[in-house]
Amino acid sequence: MNHPFEILHQIKQCIKLRFPLEGKKLHAHVVKSGFGLHGPLFSNTLLYMYGKCGFLKDALQLFDEMPHRDLASWASIFTSHNHANLPQKTLFLYSAASSKENLQPDDFIYATLFNACAGCNALKVGEQLHAQFIASSFADNDVVKSSLVDFYAKCGLPDRARSVFNSIALKNVVCWTSLIYGYAKAGRKSEALALLRNTPCKNLQTWTALISGLMQGGLCLDSFKIFKELRLEGAYVDEPFILSSLIVGSATLAMLELGKQVHRLVIGFGYESNLYVCNALIDMYAKCSDVSAAEMIFGNMGKRDVVSWTSIIVGMAQHGRALEALSLYETMALAGVKPNGVTFTGIIYACSHAGLVEKGRHLFNSMVVDHGLRPSLQHYTCLVDLYARSGLIEEAKDILDTMPFTPDEAAWASLLSSCCQGGKKEIGVRIADHLLELGPEDTSTCILLSNVYAHATMWEQVSKVRKLMASMERKKKPGYSCVDLGKEIQVFYAGETEHPMRDEIFGLLKELDAEIRKRGYVPDTSLVLHDLQHQEKERQLFWHSERSALAYGLLKSAPGASIRIMKNLRVCGDCHTVFKLISNVVGRELIVRDVNRFHHFKDGECSCQDFW
DNA sequence: ATAGGGTTAG
């Protein structure tokens, strides 16, 4: 064909244009003409080409066949793994190579390693490498420092990012963008905005970083505001990165109408087949409790990756459609998509909901044995949940005691919640005491504790928990429920509402109360503080925030429409019973999203099958 | 005449 350097140039074009198939042809040509024998130059460029184009398999094959690997080969193979969203693999390969082959990182390798650490939140590893980097002869390299800024920003430590940033001699738009993202993600809006104002260089990516950072930092409304301002200024913001972030924001806020609006924007801009955008849409519709819309998006996708499958599986599982989640997992395997750690959290969670203990255990083992994935604390928590829900409390406790992690609050709470359901009072109290000693940080845990103690008639402990909770609520946010009517969203707090429609709400709740009592409802006041008068206990239950929200929803929505309520705490047992009965009385579907799952109340039943 | 750093999904 042509001169060797002409071919090299063509390979570089393939990298730029992301033409892996053309690149592969050039690769074959290089092999035939024997250029590759002259050193790693061609191999490394080809390696990099495969990595950047997402052809990890080809990259690995080439890497394995290379007779002479230099530092650039290692840098390229690390980049390939980072690019394929396998940062742990990069760190694994590096640690193996550094011990077996005494691989000493150069500046290029340092940058890929920090990139990997950022990708999997490997703070400890990153810090060690940072120390090593400072002592190395590359310590002045601005690009590596830039990758460190990104690493600390992604790990939620913007101040550490800033101190590295300050040491950068020539600050370009890349390090500014990373730093702004870091502050936004940490929820430090004013600092992020101040930085943006002071940036000598900013581009659309900087704005994207700010918007997505704020979304991830939970400041979704601020983020939407900034997006609107940008559009008003006439900025060209119709790009999939920003759209994905807006979808994430709608999901976080669980605001279906907002999500639909963004979806329309996506269609208007012609990004409805973008993989990232679709994945975000699946998640958004599931989180906004419109699972059929999520299914529709998933069904229409031409190309699905592991995130698409995982999103729909998790969505199904959270909405109580465990068997469908499991069968989707089978289909995913048939489609040749490899599951990752998140996928397994989803399906083990599904098993735990359907009471499929054996299946869940099998999947957990399969994750380790067949897929070589290391279980995380979250996976063990799922396993604890799986056993505990099926009444195998001892087995669940065994896992907590023997797993290679210190159980956190969520892990204990999972076991505790099943003790309440299974009537295992003694062990429940023991766990509760332990949790109370640890000092729970979650209001939901407190409700659980208070329930356990109330069932065991340990009133002193109950009031201790209540006091703790009151102090937490003062510091944090109190319990509330929102009802989403599309055009408006109303928030209700516990206690008698001061809403302008108070009388109508009270009237309807009273009427419904009378109707369900006719059907055998007896308020379960065991969950309320003991030292109140009986009537006062019932009154407290009556004014739980989700009930006010429900009444308002019933009054204001179209007849027959589903009512969607979001609650920031767990639904109490009594409200759960009441919602089941009311779904029957009004003949509508009532959807409640509590702190971590969905309840679809319909025809007197709930999708969670009374396990939550 | 090779290679590295910033923004998106679970």
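Each chain gets a letter, A, B and so on, in the order the sequences are listed, and its residues count up from 1.
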Quiz item: [X] side-chain donor-acceptor pair to [N] base, under 3.5 Å:
{"X": "A:Asn172", "N": "B:dG5", "answer": "yes"}
{"X": "A:Thr177", "N": "B:dG6", "answer": "yes"}
{"X": "A:Ser146", "N": "B:dG5", "answer": "yes"}

B:dA3 base stacked by A:Phe108? Criteria: ring centres under 5.5 Å, plane angle under 30°.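 Stacking is present between B:dA3 and A:Phe108, given that their ring centres fall under 5.5 Å apart and the planes under 30°.
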Distance-only, no hydrogens or angles: does the A:Thr112 side chain make a donor-acceptor pair with backbone N or O of A:Ile109 under 3.5 Å?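 Between the backbone of A:Ile109 and the side chain of A:Thr112 there is a qualifying donor-acceptor contact (under 3.5 Å).
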Taking A:Lys52's backbone N and O only, do any of them form a donor-acceptor pair with A:His83's side chain (distance below 3.5 Å, no angle check)?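 Yes; judged by distance alone, with no hydrogens or angles, the pair exists.
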Counting the atoms with a prime plus P, OP1 and OP2 as sugar-phosphate, which does [X] contact under 4.0 Å by heavy atoms, base, sugar-phosphate, or nothing?
{"X": "A:Val173", "result": "base"}
{"X": "A:Asn85", "result": "base"}
{"X": "A:Lys202", "result": "nothing"}
{"X": "A:Asp150", "result": "sugar-phosphate"}

Please state how far atom [atom1] in [X] lies from atom [atom2] in [N], giving the value in whole angstrom units.
{"X": "A:Asn279", "N": "B:dA9", "atom1": "CG", "atom2": "C1'", "result": "5 Å"}
{"X": "A:Lys303", "N": "B:dA9", "atom1": "NZ", "atom2": "P", "result": "17 Å"}
{"X": "A:Phe151", "N": "B:dG6", "atom1": "CZ", "atom2": "P", "result": "13 Å"}
{"X": "A:Ile11", "N": "B:dT2", "atom1": "CD1", "atom2": "C1'", "result": "10 Å"}
{"X": "A:Glu239", "N": "B:dT7", "atom1": "CD", "atom2": "C1'", "result": "8 Å"}
{"X": "A:Ile297", "N": "B:dA9", "atom1": "CD1", "atom2": "P", "result": "17 Å"}
{"X": "A:Trp207", "N": "B:dT8", "atom1": "CH2", "atom2": "C1'", "result": "18 Å"}
{"X": "A:Leu148", "N": "B:dG6", "atom1": "CG", "atom2": "P", "result": "12 Å"}

Would you please classify the geometry between the A:His319 ring and the A:Phe598 ring as parallel, tilted or perpendicular, with 30° and 60° separating the classes?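 Aromatic pair A:Phe598/A:His319 classed parallel.
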Return the orientation label for the A:Tyr50 and A:Phe55 ring planes: parallel under 30°, perpendicular over 60°, tilted otherwise.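 Aromatic pair A:Tyr50/A:Phe55 classed parallel.
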Do any side-chain nitrogens or oxygens of [X] fall under 4.0 Å of OP1 or OP2 in [N]?
{"X": "A:Tyr181", "N": "B:dT8", "answer": "yes"}
{"X": "A:Lys12", "N": "B:dA3", "answer": "no"}
{"X": "A:Asn141", "N": "B:dG5", "answer": "no"}
{"X": "A:Gln216", "N": "B:dT7", "answer": "no"}
{"X": "A:Ser212", "N": "B:dT8", "answer": "yes"}

Nearest to side-chain heavy atoms of A:Ala209, which nucleotide of B:dT7, B:dA9, B:dG6: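 Output: B:dT7.
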Looking only at side-chain atoms of A:Ala280, point me to the closest of B:dT2, B:dT7, B:dA9.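 It is B:dA9.
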Please, which pairs that meet side chain to side chain donor-acceptor pair (under 3.5 Å) have at least one residue in residues 220-229 of chain A, sequence neighbours excluded?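 Qualifying pairs: A:Lys189-A:Asp222.
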Which residues in residues 119-131 of chain A have at least one heavy atom lying under 4.0 Å from any atom of DNA chain B?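 Here the set is empty: none.
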I'd like to know if the side chain of A:Thr310 pairs up with that of A:Thr343 as donor and acceptor (distance under 3.5 Å, no hydrogens or angles considered).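 A pair is found: one side chain offers a donor N or O, the other an acceptor, under 3.5 Å apart.
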Salt bridge check: are A:Glu22 and A:Lys25 linked by an N-O gap of less than 4.0 Å?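 The answer is yes: the pair qualifies as a salt bridge.
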Give a yes or no on whether a salt bridge exists between A:Glu191 and A:Arg162, defined as a side-chain N under 4.0 angstrom from a carboxylate O.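 No salt bridge links A:Glu191 with A:Arg162.
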